[in-house]
Amino acid sequence: MTRFKELQRIETAIKHKNATELEWAMGYCRMGIQIATRKDHTKYWHGVEKKVREALADVVEHSD
């Protein structure tokens, strides 16, 4: 899977609020943060992680 496809997968998970895919996306974001070598890359991944975290919180909130 290319990075583009993985980013599309993350965006789709956020859009559809798929809990399983959001969990995968969270792990992918954490990996991106860990391997980032530039400050702007780290900032980017933190931004994506925030979107994923918010979508995941929304899923959890509506499942109660």
Side-chain angles (χ1 to χ4, degrees):
M1 187 179 289
T2 65
R3 181 174 169 192
F4 179 74
K5 287 183 181 179
E6 291 160 336
L7 294 175
Q8 280 186 314
R9 183 176 172 185
I10 291 170
E11 289 299 322
T12 301
I14 292 169
K15 180 179 178 182
H16 296 287
K17 302 214 187 308
N18 180 317
T20 304
E21 287 293 296
L22 288 167
E23 290 290 343
W24 172 85
M26 185 63 74
Y28 192 83
C29 290
R30 289 181 182 141
M31 180 197 62
I33 292 167
Q34 287 178 345
I35 65 171
T37 55
R38 294 177 36 184
K39 189 174 183 174
D40 59 327
H41 292 173
T42 303
K43 185 177 178 180
Y44 170 80
W45 283 112
H46 277 292
V48 176
E49 181 187 37
K50 181 180 178 191
K51 290 179 187 178
V52 171
R53 193 177 330 107
E54 289 170 352
L56 195 53
D58 193 41
V59 168
V60 170
E61 182 179 302
H62 287 98
S63 68
D64 293 337

*Would you give the length of the straight line joining atom CZ of Arg38 to atom OH of Tyr44, rounded to the nearest 0.5 angstrom?*
13.5 Å
*Mind running side-chain contact (heavy atoms from CB on, under 4.5 Å) on Val48 and Tyr28 for me, showing each step along the way?*
CA-CA 10 Å; Val48 176; Tyr28 192 83; over 6 Å; no
*asked:* Just to verify, what does Ala36 make a side-chain contact (heavy atoms from CB on, under 4.5 Å) with, not counting sequence neighbours?
replied: His41, Thr42
_side-chain contact (heavy atoms from CB on, under 4.5 Å) between Arg3 and Leu7, worked out_ = CA-CA 6 Å; Arg3 181 174 169 192; Leu7 294 175; 3.9 Å; yes
_Listed partners of Glu49 passing salt bridge (Lys or Arg N to Asp or Glu O under 4.0 Å), at least two apart_ = Arg30, Arg53
*asked:* By the side chain to side chain donor-acceptor pair (under 3.5 Å) test, which pairs, at least two apart or in different chains, include something from residues 11-23?
replied: Arg9-Glu21
_Exercise: identify the closest heavy-atom pair between Val52 and Leu22_ = CG1-O, 3.4 Å
*With sequence neighbours excluded, what pairs up with Gln8 under the side-chain contact (heavy atoms from CB on, under 4.5 Å) test?*
Phe4, Lys5
*Interatomic spacing from NE2 in His46 to SG in Cys29 - rounded to 0.5 Å*: 10.0 Å
_Which atom of Leu56 lies closest to which atom of Ala19, heavy atoms considered_ = CD1-O, 4.1 Å
